[in-house]
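Working notes for the structure below.
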Amino acid sequence: MKLSLLSLLIGSAAAFAPAPSARTSTAVNSGMDDLKAIAEKSNPVLKFYDPLELSSTTIWGNSNDETIAFLRQSEIKHGRVAMAAFVGYIVQSNGFHFPWPISTDGTPFPYAAGSPPEQWDALSDAAKWQIILFIGFLEWYSEAAGTHYMRGGIPGAFPKFSDHSMIPHPVPFNLFDPFGFSNGRSDEAKAKGLITEINNGRAAMFGILGFISEQRVEGSVPLLKGLVAHYDGETMAPFA
């Protein structure tokens with residue numbers, strides 16, 4: 001529980017430290033300058049905003065630039081997860097689900113269990129472990145394959161499965177852009193897309209936390225009052 005809260009705090013605070021620009025191709029040099037440049041593009045009104053001064057600190061004996069790379073990676077990762085969670089929450093809340101069974105015995109997806117957290121609770125432990133272990137694999141692969149984002153890699157860039165031999169069998173699609181739609185995009189278009197991703201990720205973090213907060217504490221998010229069902233479970237205990 002304490003570890004989960006600490007991770008959430010780090011991820012939320014990292015949202016104020018902007019992510020890298022598409023032009024970054026080597027180690028994160030002059031990290032503070034890059035942060036300010038991205039901040040002005042992502043929010044021309046607020047610009048650079050770091051009330052916790054995370055961008056001027058160091059962690060785990062690393063340099064300031066390496067620490068900034070960690071914060072950038074954290075923001076991008078949490079933003080992507082939040083975007084998936086936000087869209088998934090809306091989809092599940094409206095009864096959309098895969099038409100096929102969730103297991104070989106014919107059990108359907110638990111769309112009738114109620115809200116998204118209640119649907120999670122209705123999953124079998126085996127199904128929950130499959131999801132958690134798959135996410136764990138992606139996390140391990142992103143940290144182990146290629147050049148690490150704190151050691152000269154690009155924060156936010158997920159290693160291609162086709163570029164490494166760490167997986168013992170061929171993988172037909174990469175996690176990021178599996179169909180290669182971005183291959184022909186210009187650097188300018190990619191840089192603009194990065195800013196859009198950063199801002200959408202920040203908004204999604206507030207969005208999914210708003211949904212969960214209102215479900216647990218009614219009235220905590222006035223705009224969502226009456227729109228989401230109350231949840232009596234424990235969102236921080238996946239196997240409760």
Side-chain angles (χ1 to χ4, degrees), residues 1-19 39 42-43 45-46 48-55 57 59 70-98 102 109-125 127-136 138-139 156 195-240:
M1 183 64 168
K2 292 181 180 178
L3 180 59
S4 299
L5 291 175
L6 178 60
S7 301
L8 180 60
L9 176 61
I10 292 175
S12 299
F16 294 100
S42 62
N43 193 325
V45 176
L46 188 61
F48 183 72
Y49 181 65
D50 182 19
L52 299 181
E53 298 184 353
L54 293 177
S55 59
T57 188
I59 55 174
F70 171 83
L71 295 174
R72 289 177 165 182
Q73 174 77 6
S74 297
E75 176 178 44
I76 294 174
K77 184 187 300 182
H78 283 81
R80 289 170 178 170
V81 171
M83 284 189 280
F86 183 79
V87 173
Y89 188 101
I90 294 174
V91 169
Q92 289 180 246
S93 295
N94 286 277
F96 293 99
H97 60 91
F98 293 116
I102 195 173
F109 281 85
Y111 63 92
S115 65
E118 290 168 321
Q119 293 179 41
W120 170 266
D121 291 341
L123 290 174
S124 65
D125 283 354
K128 292 177 180 178
W129 275 116
Q130 288 180 49
I131 296 170
I132 292 173
L133 290 175
F134 177 68
I135 294 173
L138 294 179
E139 179 72 7
I195 299 300
T196 301
E197 179 182 33
I198 292 172
N199 286 334
N200 287 344
R202 290 170 177 170
M205 283 189 270
F206 282 109
I208 189 60
L209 287 174
F211 280 142
I212 300 301
S213 298
E214 178 61 25
Q215 279 202 269
R216 292 287 287 123
V217 183
E218 294 184 46
S220 60
V221 185
L223 290 176
L224 295 177
K225 188 173 182 179
L227 295 179
V228 294
H230 180 72
Y231 175 61
D232 290 320
E234 178 51 69
T235 53
M236 301 300 288
F239 292 96

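Counting begins at 1 with the first residue of the sequence.
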note = Taken in chain and number order and not counting sequence neighbours, the residues that satisfy salt bridge (Lys or Arg N to Asp or Glu O under 4.0 Å) with Glu197 are Arg80
note = Sorted by chain and number, sequence neighbours left out, side-chain contact (heavy atoms from CB on, under 4.5 Å) with Ala122 holds for Pro110, Ala113
request  = Over all heavy atoms of both residues, which pair between Val228 and Glu214 is shortest? Give the atoms and the distance, please.
outcome  = CG2-CG, 3.3 Å
ask   = Can you name the nearest heavy-atom pair linking Pro117 to Ile212, along with the distance?
value = CG-CD1, 4.2 Å
query = CG of Asp232 to CD of Gln215: how many Å apart, nearest 0.5 Å?
reply = 10.0 Å
task = Just jot down the salt bridge (Lys or Arg N to Asp or Glu O under 4.0 Å) partners of Glu218, sequence neighbours excluded, or say none.
result = none
query = Which residues satisfy the side-chain contact (heavy atoms from CB on, under 4.5 Å) test with Ala229, sequence neighbours excluded?
reply = none
request  = Provide the closest heavy-atom pair for Ser74 versus His78 in the form atom of the first, atom of the second, distance.
outcome  = O-ND1, 2.7 Å
ask   = Less than 4.5 Å apart, any side-chain heavy atom of Pro238 and any of Lys128?
value = no
ask   = How would you list, by chain and number, every residue that makes a side-chain contact (heavy atoms from CB on, under 4.5 Å) with Thr57, sequence neighbours excluded?
value = Thr67
task = Can you sort out the partners of Ser93 under side-chain hydrogen bond (donor to acceptor under 3.5 Å, both in side chains), two or more places apart, ordered by chain and number?
result = none
ask   = Say you draw a straight line from CD1 of Ile135 to CD of Gln130; how long is it, rounded to the nearest 0.5 Å?
value = 12.0 Å
task = If a pair satisfies ring-ring contact (aromatic ring centres under 6.0 Å, His included) and one of its residues is in residues 211-240, list it, with sequence neighbours excluded.
result = Phe86-Phe211, Tyr89-Phe211, Trp129-Phe239
request  = Apply ring pair (Phe, Tyr, Trp, His ring centres under 6.0 Å) to Tyr111 and His97, showing your working.
outcome  = CA-CA 7 Å; Tyr111 63 92; His97 60 91; 3.8 Å; yes
Close side-chain approach of Met83 to Met205, heavy-atom, < 4.5 Å = no
key: Validation row: Leu123, Ile102 side chains within 4.5 angstrom (heavy atoms)   = yes
note = In short, Leu71 meets Ser55 closest at the heavy-atom pair CD1-N, 4.2 Å
inquiry  = Please give me the minimum heavy-atom distance between Ile76 and Gly156, naming the atom from each residue.
reply    = CD1-CA, 3.7 Å
key: With sequence neighbours excluded, residues passing side-chain contact (heavy atoms from CB on, under 4.5 Å) with Val91   = Val87, Phe96
query = Distance from Glu234 atom CD to Asp121 atom CG, nearest 0.5 Å?
reply = 10.0 Å
task = Please report the closest heavy-atom contact between Arg202 and Ser42, naming both atoms and the distance.
result = NH1-OG, 3.4 Å
remark   = Sorted by chain and number, sequence neighbours left out, side-chain hydrogen bond (donor to acceptor under 3.5 Å, both in side chains) with Gln119 holds for Gln92
